[in-house]
Every structure is written in C-alpha cells, then in structure tokens.
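First up is the structure itself, then whatever we jot down about it.
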Number of protein chains: 2
Amino acid sequence: MSRASYQDIQAEVRRRIQTRVWKPGDTIPTEVDLAKEFNCARATINRALRELAETGLLERRRKSGTRVSLNPMRKATLDIPITRLEIEGRGQTYRHKLLESQQVSAPDALSAEMNLGRSQMLVHLKTLHMADGRPFMYEDRWINPKAARGILRAKLAEVSANEWLVQNVPISHGDIAFQALGADTDQAAALGVTVGTALFIIDRLTWMGTQTVTKVRLAYGPGYRMVTQI
Amino acid sequence: MSRASYQDIQAEVRRRIQTRVWKPGDTIPTEVDLAKEFNCARATINRALRELAETGLLERRRKSGTRVSLNPMRKATLDIPITRLEIEGRGQTYRHKLLESQQVSAPDALSAEMNLGRSQMLVHLKTLHMADGRPFMYEDRWINPKAARGILRAKLAEVSANEWLVQNVPISHGDIAFQALGADTDQAAALGVTVGTALFIIDRLTWMGTQTVTKVRLAYGPGYRMVTQI
DNA sequence: CAGTTTATTATGTGCAGACATAATATGATT
DNA sequence: AATCATATTATGTCTGCACATAATAAACTG
C-alpha cells in the first residue's frame, strides 16, 4: 500500500466503522500496527485517531487502546450565529434598531446570575434585528460598565452593542444556553407575534475572569432553526 | 524561558488575546518566531495554534500568517444528549414508554425529506421518556426498514429504538436542527401541557450513504435547556 | 500600466526517534 | 487471599528535520 495521509486514514477508519468491520465497542489495532498497515509514521496515525476521538467516534485510553464508541453521535459543533452575517448570507438586508437604552441598577435575580454586588449599575439595551425590514430577532442585553469600560460613551445606535463589545472588551469565556419559551409582552410586540408564541431563545453570559461582562437573551422569531451536521 | 507544552502555549496565547496584547484583527508572530520565544519545536507551536484556530479564536492562512479572529466566539461544541444518561446523571430514574408502534407508508412530505421512493413503508414510533415518572421528552420517530434491517423483529418495548439502532445499523452522518415550536395535540397530551406551549425541538435525520435510516423529532417539556460553554 | 510569470513565505503535513504518563498486568509479600 | 511493588503496554507529547502547498509579493513582459 502506498503512503497515506492522516485524512486518508480517517476516511478509512470511518469506512471500517460504517461497514461494521469494526463494530461499536470493538478495540481497534494499536497505532504501531496501523502505522505498519498504512505504511506511515505512528504520529500520522495518532493525529488521525486523536481527531476522530475528539468528535466522539472513538474512545482512547492509555494502555487499553482505542475502541469504537458505543454512541457514535455525541458531539456536534455548531456555529454561533452572527446575526448580521447570518441575514446577509441569505441575501437579505440587515438592519437593527435600538428600541430602548437606559442605565438601571441590577434586579436581584440578575445580580446573582451575573455575580455582581448589590444594586450594581448596568446598561440595559433592547434591540430589534431585522431582515429585509421584517423583525428577525429581539435582543435584550445587560452590560456591566465596570467590565466594559467606555460603554457609556459608545454610540450604540450606530454600532451594534455586540460589535462594540467584541472590539473593545476582553473576554475569557462564556456560558450559552438554548431553550424554547413563550413570547413575553416585549418580545411579542417587537417581533409582531402574539404573547405566548413559541420562540427559540439563546442566552449568553460572557465573562472576563471572575467578572461578568454582558448577559444577553436573543429571542428569534417563529420559523427560526439552528442547524448543524455530524 | 523553559520548555513549554502545547497547552502552555495555548494558555499563553489565550492570555495575550484576553489582555489585548494581541487585539482582534492583529497578526501574531510566525510559528518560527514563537518557537524561538517559547523554546520549543515549530510542530508544538503548530499544534497549539491549529487547535485554537479550530475553536474560532484564531484564523490562519498560508503565507499571510495567523490573525486574532474578529469575532472570538464562533464555534461551540455541544454534547448531543443521550436521554437515559442525561436523566440518570441528575440522579433521577429513567423510564420510557412506547405509546404507539405501527407500519405505515410514508406521507409525501416525509418521502421528500427522507429521500424515499413513493409510498415507502416505514416504522412509526411514538415514545415518551420519563424522569422519576414525570414526562420529560416526547419522541416521534420514523425508521426506514430498508436501511435498518431487522427493525421489524426488534422488541422495541424493551430496548429503546435509539439504542437498538446504534447497536445494529451503520450510519455515516446526520443532520440536526434545533428550534422552538408550539406543542401539537400529540405532544401536549404526552407531556401533559396545553396545546401551543413552547417546546424545545431537536430534529435529527440520520444517513447511511445516500439512504436515510431514521428521522426523529424530540420534543422536550417546558423548562428544558441545552447548555454549553465556550 | 495591465497582465503574466516567478520567487518568496507562512502554514500544512509528514517522518523517525525519544521520553512521559496512565492504565493494566504481573509478581512478590504479608 | 488480599495488598503492595514492579513491569509492561498503548497512548500522549515533543523534537528536529524535510518537503508540500497556498497565498502573496516581486519581477518581468508586452
């Protein structure tokens, strides 16, 4: 057999699993053996198998070897949508409208969630994102000015809050949650649907170290689907 | 500086991006330069940066180099929940009940979606998954017996359809979609909610080559959230 | 000056060899 | 038999080097 690249090896491993040459639960040959079979270096086999393990297709353990995962569909990577690009990608025109912008002291529930002191001042924004002039997504955002310095001077009617934050505020990590909720009055009014309509919700809480930068709830209009492949 | 592992390098790169030593859009030093700075081989730098690029934090191009991504939160990996494990992981008891099981010829809309010939015979299952005896998720599944041989003889009241399929049917890939929908009458009755209640929906279409194996719609009861970190 | 060819450059992938590490198996000891 | 120490094994990571490849810059050409 001629030389094989790590991608060729991945394809062949996938094929053997799909055709049940290697069945779920089976231990596959060692890297050394596979390197011999494919006439390549162990490092090449290692990379091929390591990446397959990252997708959940294989499970690897030192000493005991590499097994075909019992449940082959365990991890999906999905692209966090950037609203403007998502809309423009469909050939539609993107526009957003800042419906409301105020500074308020954080409600208690939010203080707890955002890890803030009592009555911390926050910037509260309500924005409607539109595709071809029609409501697409309603954004309810809280920003911690202690972490997002300069936000008070930013012209948020021109640049969207998200883009301003990305450009100006360092972040370390974020928590994301997806769920379905019935539209509340704000969401219903903004999106032009009746209260209680099922909406796809994305909550995102963004951190810099132990400090929260921003919490945002995105409420998508009816018909919205988030899609991925495995 | 002493030797650094690829994970140390990743941590340091992350730190420099978070602290804005390297800002969004900046081009960072070349692999050769970083290898000198960190006193390690280029391959080590390559692995560190390649993996960061996979998460969307960096963007790499031959010749032009590696830049800090303008939008640092672009990809999230999320675990496809395995219902039984998800429930047991909360310390609750898992049970499922096969509500309905019949063989029917595929409706036209489904034939198109599942890439079937006209009036293809399908197995149609309705299952309720319960946590501590309370409704948790309602599953509506269509199985193509041409691709899932043996399904007609499987005892689906004992083993869940999903587990039977995983163990017995080879698959190549799948399409997954997430959305919010108001409960229909079946879902409402099974989950014990009123029609129209916002439900979190996962649709999954599973393929073996050009043939569809199974299409399933999972409707989660109110309060369900799918969570991930970035 | 526009268009094409050629060189340059940073990343992409590969190799052989080495040592590290976690998990397991084996053997020794009580 | 149960416990502990030791050897074995497969994967995990790293090195130093090489060549491939895509994207860009430079040189050339009409």
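Within every chain, numbering begins at 1; the chains are lettered A, B, ... in the order of the sequence lines, protein sequences first and strands thereafter. Hydrogens, waters and symmetry mates are skipped; everything else that's a heavy atom, side chains included, is used.
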- [ ] Using only heavy-atom distances, determine whether the side chains of Arg47(B) and Tyr6(B) contain a donor-acceptor pair under 3.5 Å.
- [x] yes
- [ ] Let me know, please, whether Val32(B) or Ala43(B) comes out on the 5' side of the other along DNA chain C by nearest nucleotide.
- [x] Val32(B)
Task: Side-chain (Asp175(B)) to main-chain (Gln229(A)) donor-acceptor, under 3.5 angstrom - done: no
Open item on the list: From CZ of Arg60(A) over to P of dT9(D), roughly how many Å is that when rounded to an integer?
Closed with: 18 Å
Open item on the list: Looking at Asp26(A) and Lys23(A), would you say the former's side chain and the latter's main chain have a donor-acceptor pair under 3.5 Å?
Closed with: yes
Open item on the list: On the nucleotide dT15(D), are OP1 or OP2 found under 4.0 Å from the side-chain N or O atoms that Thr44(B) carries?
Closed with: yes
TODO: Could you tell me whether a side-chain N or O of Thr228(B) sits under 3.5 Å from a main-chain N or O of Leu78(B), the two making a donor and an acceptor?
DONE: no
TODO: Determine: side-chain N/O of Arg50(B) to OP1/OP2 of dG12(C), distance under 4.0 Å, yes or no.
DONE: no
TODO: Give Arg47(B) one of three labels, base, sugar-phosphate or nothing, depending on what nucleic acid heavy atoms sit under 4.0 Å from its own.
DONE: sugar-phosphate
- [ ] List in chain and number order the residues that pass salt bridge (Lys or Arg N to Asp or Glu O under 4.0 Å) with Glu139(B), two or more places apart in sequence or in another chain; answer none if no residue qualifies.
- [x] Arg141(B)
Open item on the list: What is the distance, to the nearest angstrom, from the OH atom on Tyr6(A) to the P atom on dA20(D)?
Closed with: 18 Å
Open item on the list: Going by the rule salt bridge (Lys or Arg N to Asp or Glu O under 4.0 Å), which residues pair with Arg14(A) if we only count those two or more places apart in sequence or in a different chain?
Closed with: none
- [ ] Would you classify Glu59(A) as touching base, sugar-phosphate or nothing, given that sugar-phosphate means primed atoms plus P, OP1 and OP2, and contacts are heavy atoms under 4.0 Å?
- [x] nothing
Task: Protein-nucleotide distance (Gln7(B), atom CD; dC14(D), atom C1'), rounded to Å - done: 13 Å
Sub-3.5 Å pairs of nitrogen or oxygen atoms, protein against nucleotides 23-25 of chain C:
| residue | atom | partner | partner atom | Å |
| --- | --- | --- | --- | --- |
| dT24(C) | OP1 | Arg61(A) | NH2 | 3.2 |

Open item on the list: Distance check needed: dG12(C) P versus Leu58(B) CG, whole Å only.
Closed with: 11 Å
Open item on the list: With a 4.0 Å limit, can you tell me whether Thr66(A) has a side-chain N or O closer than that to the phosphate oxygens OP1/OP2 of dA10(D)?
Closed with: no
TODO: Answer with yes or no whether Arg42(A) presents, from its side chain, a donor or acceptor under 3.5 Å of a partner atom in the base of dG12(D).
DONE: yes
Open item on the list: I need the CD-P distance between Glu31(A) and dT13(D), as an integer number of Å.
Closed with: 11 Å
Open item on the list: Just N and O in the side chain of Asn46(A): are any of them under 4.0 Å from OP1 or OP2 of dT13(D)?
Closed with: no
Task: Point-to-point distance, once rounded to the nearest 0.5 Å, from OG1 of Thr212(B) to CG of Leu205(B) - done: 6.0 Å
